[in-house]
**Q** 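Just dropping this structure here.
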Amino acid sequence: MEHIEAIAMLQDPVRRRLYEYVAAQGREVGRNEAAEATGVARTLAAHHLDRLTEAGLLESGSRRLTGRSGPGAGRPAKVYTRTKAERSVSLPARDYRTAAELLAEAAEQAGLDAGLCAAARRRGESLRGSAAPCGDLEEAMKVLAARGYEPHLEDIGDPEDADADTDTDTDAHSAADSAGAAARVVRMRNCPFHAVAERFPPLVCGMNLALLEGLLGADGPVRARMDARPGECCVVVEDSKNNVD
């Protein structure tokens with residue numbers, strides 16, 4: 001019942017807009033920013049953000065938003081992020097997660113990685129149906145969003161990527177150099193298979209990559225590749241050499 005009550009908090013349209021905005025940022029969000037983005041008063045935004053935190057849908061903390069420290073820097077402001085805890089409701093009760101973990105454990109022990117990836121690629125192709133491979137990153141983002149991946153575009157040179165393993169970006173940089181333009185990648189804030197991927201990362205991440213190759217089209221203008229980053233999906237999507245003029 002606890003999950004039902006938490007999810008029911010999103011029935012209020014203002015509360016739902018605030019939750020969706022905070023979740024989409026992938027970072028801490030202050031009350032002023034959330035209020036301005038959703039078009040509500042700051043006091044109303046603060047009320048709903050705190051209610052969402054009480055329900056366990058958001059986490060809150062405090063930090064100075066001015067970027068300064070010491071005397072005159074101002075008081076720390078309350079900030080919010082989406083909680084890492086999952087919420088789900090099934091009536092009647094179902095336990096697909098345990099089944100998925102058992103199947104993953106059996107597949108890993110039996111060395112069925114290749115067979116699983118082949119099945120995932122076929123499933124991705126089946127989901128795409130008769131549609132052509134995605135024509136560009138914007139189209140890929142729409143497909144990924146519909147599957148719950150929460151995609152967002154990043155430039156390869158973004159400060160956010162400064163600590164990333166540069167070797168994994170070599171192909172993307174090469175594509176950018178060939179095209180004479182800055183490379184962009186689509187990263188995903190959500191992994192739909194997160195719970196199982198945490199326990200069986202090589203198996204499930206490989207499956208996820210194969211699924212997206214089939215879904216987006218392996219030989220089209222965009223391609224999926226592995227590039228794991230903590231807290232995000234292990235796969236990124238970028239322009240392929242087939243999309244370089």
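No experiment lies behind these values; they were computed from the predicted model shown.
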**Q** Rounded to the nearest 0.5 Å, how far apart are CZ of Arg187 and CG of Leu153?
**A** 11.5 Å
**Q** On a heavy-atom basis, which atom in Thr83 and which in Gly56 lie closest, and how many Å separate them?
**A** CG2-O, 2.9 Å
**Q** If the threshold is 4.0 Å, N to carboxylate O, is there a salt bridge linking Glu101 and Arg97?
**A** yes
**Q** Rounded at 0.5 Å granularity, tell me how far OG in Ser90 sits from CG in Asp95.
**A** 9.5 Å
**Q** Identify the heavy atoms of Ala104 and Leu203 that sit nearest to each other, and give their distance.
**A** O-CD2, 3.3 Å
**Q** Is there a side-chain contact between Glu86 and His194 (heavy atoms, below 4.5 Å)?
**A** yes
**Q** When you measure from the side chain of Ser126 to the backbone N and O of Arg122, does any donor-acceptor pair fall under 3.5 Å?
**A** no
**Q** Looking only at atom types and distance, does a side-chain atom of His3 sit under 3.5 Å from a main-chain N or O of Ser88, one as donor and one as acceptor?
**A** yes
**Q** Determine, stepwise, if the pair Val29 / Val79 fulfils side-chain contact (heavy atoms from CB on, under 4.5 Å).
**A** CA-CA 5 Å; Val29 174; Val79 292; over 6 Å; no
**Q** Would you say Arg128's side chain and Gly214's backbone share a donor-acceptor pair under 3.5 angstrom?
**A** yes
**Q** Nearest 0.5 Å, what's the CZ-CG distance between Arg123 and Leu116?
**A** 11.5 Å
**Q** Tell me if a side-chain donor or acceptor on Arg15 pairs with a main-chain N or O of His48 at a distance below 3.5 Å.
**A** no
**Q** Side chains of Met207 and Leu211, heavy atoms from C-beta outward: is any pair under 4.5 Å?
**A** no
**Q** Determine whether a donor-acceptor pair (N or O, by modelled atom type, separation under 3.5 Å) exists between the side chain of Gln25 and the backbone of Tyr21.
**A** yes
**Q** Does Ser60 form a side-chain contact (heavy atoms from CB on, under 4.5 Å) with Leu49? I'd like the steps, not just the answer.
**A** CA-CA 9 Å; Ser60 65; Leu49 290 166; over 6 Å; no
**Q** Are Leu212 and Met188 side-chain neighbours, meaning at least one heavy-atom pair lies under 4.5 Å?
**A** yes
**Q** Linking I/L/V/M/F/W/Y whenever their side-chain heavy atoms sit closer than 4.5 Å, directly or via other members, would Tyr19 and Val89 fall into one cluster?
**A** no
**Q** Just do the salt bridge (Lys or Arg N to Asp or Glu O under 4.0 Å) check on Arg199 and Glu108 with the steps written out, would you?
**A** CA-CA 11 Å; Arg199 290 195 57 188; Glu108 188 173 73; over 6 Å; no
**Q** Give the minimum heavy-atom separation between Pro133 and Gly220, together with the two atoms involved.
**A** CB-CA, 3.8 Å
**Q** Does this structure show an ion pair linking Glu36 with Arg31, if we count only N-O contacts that are shorter than 4.0 Å?
**A** no
**Q** With a 4.5 Å limit on heavy-atom distance, are the side chains of Asp50 and Lys78 in contact?
**A** yes
**Q** Between Arg223 and Asp239 (salt bridge meaning N to carboxylate O under 4.0 Å), is one present in this structure?
**A** no
**Q** Would you confirm whether Asn190, through its side chain, and Gly148, through its main-chain N or O, come within 3.5 Å as a donor-acceptor pair?
**A** yes
**Q** Do you see a donor-acceptor pair shorter than 3.5 Å between the side chains of Thr81 and Glu28?
**A** no
**Q** Using side-chain heavy atoms (C-beta onward) and a distance below 4.5 Å, is Val22 in contact with Leu52?
**A** no
**Q** If you round to the nearest 0.5 Å, how far is CG of Leu58 from OG1 of Thr53?
**A** 5.0 Å
**Q** Are Leu137 and Val222 side-chain neighbours, meaning at least one heavy-atom pair lies under 4.5 Å?
**A** yes
**Q** Which atom names give the shortest non-hydrogen contact between Met141 and Pro151, and what distance separates them?
**A** O-CG, 3.3 Å
**Q** Would you say that Pro76 contacts Arg63 through its side chain, given a criterion of any heavy-atom pair below 4.5 Å between the two side chains?
**A** no
**Q** Can you tell me if Arg229 uses its side chain to pair, donor with acceptor, with the backbone of Glu232 under 3.5 Å?
**A** no
**Q** Can you name the nearest heavy-atom pair linking Pro221 to Cys134, along with the distance?
**A** CD-O, 3.1 Å
**Q** List the steps, then state whether side-chain contact (heavy atoms from CB on, under 4.5 Å) holds for Met226 with Val235.
**A** CA-CA 5 Å; Met226 201 76 75; Val235 176; 4.2 Å; yes
**Q** Kindly indicate, with the supporting measurements, whether the criterion side-chain contact (heavy atoms from CB on, under 4.5 Å) is fulfilled by Val14 and Thr38.
**A** CA-CA 8 Å; Val14 173; Thr38 56; 5.8 Å; no
**Q** Could you see if Leu103 belongs to whatever hydrophobic cluster contains Val204? Use Ile, Leu, Val, Met, Phe, Trp, Tyr and a side-chain cutoff under 4.5 Å.
**A** no
**Q** For a quick test of reading the model, state the closest non-hydrogen atom pair linking Cys191 to Cys233 and the distance between them.
**A** CB-CA, 4.3 Å
**Q** I want to check something: taking the side chain as every heavy atom from C-beta on, are Gln109 and Glu105 in contact at a cut-off of under 4.5 Å?
**A** yes
**Q** Which is it for Arg225 and Asp227 under the salt bridge (Lys or Arg N to Asp or Glu O under 4.0 Å) test, yes or no, and what are the steps along the way?
**A** CA-CA 6 Å; Arg225 64 176 174 85; Asp227 187 10; 3.7 Å; yes
**Q** Could you tell me the separation between the CZ atom of Arg189 and the CZ atom of Arg27, rounded to the nearest 0.5 Å?
**A** 8.5 Å
**Q** Rounded to the nearest 0.5 Å, what separation is found between the CG atom of Leu10 and the CZ atom of Arg16?
**A** 7.5 Å
**Q** Evaluate the salt bridge (Lys or Arg N to Asp or Glu O under 4.0 Å) criterion for residues Glu150 and Arg82: first the C-alpha distance (whole Å), next the side-chain angles of each, then the deciding distance (0.1 Å), finally the verdict.
**A** CA-CA 13 Å; Glu150 299 181 7; Arg82 179 171 59 182; 2.8 Å; yes
**Q** Verify the cluster assignment for Leu112 and Phe193: are they in a single hydrophobic cluster under the rule of side-chain heavy atoms below 4.5 Å apart?
**A** no
**Q** With sequence neighbours excluded, give me every side chain to side chain donor-acceptor pair (under 3.5 Å) pair touching residues 137-149.
**A** Glu138-Arg184, Tyr149-Asn208
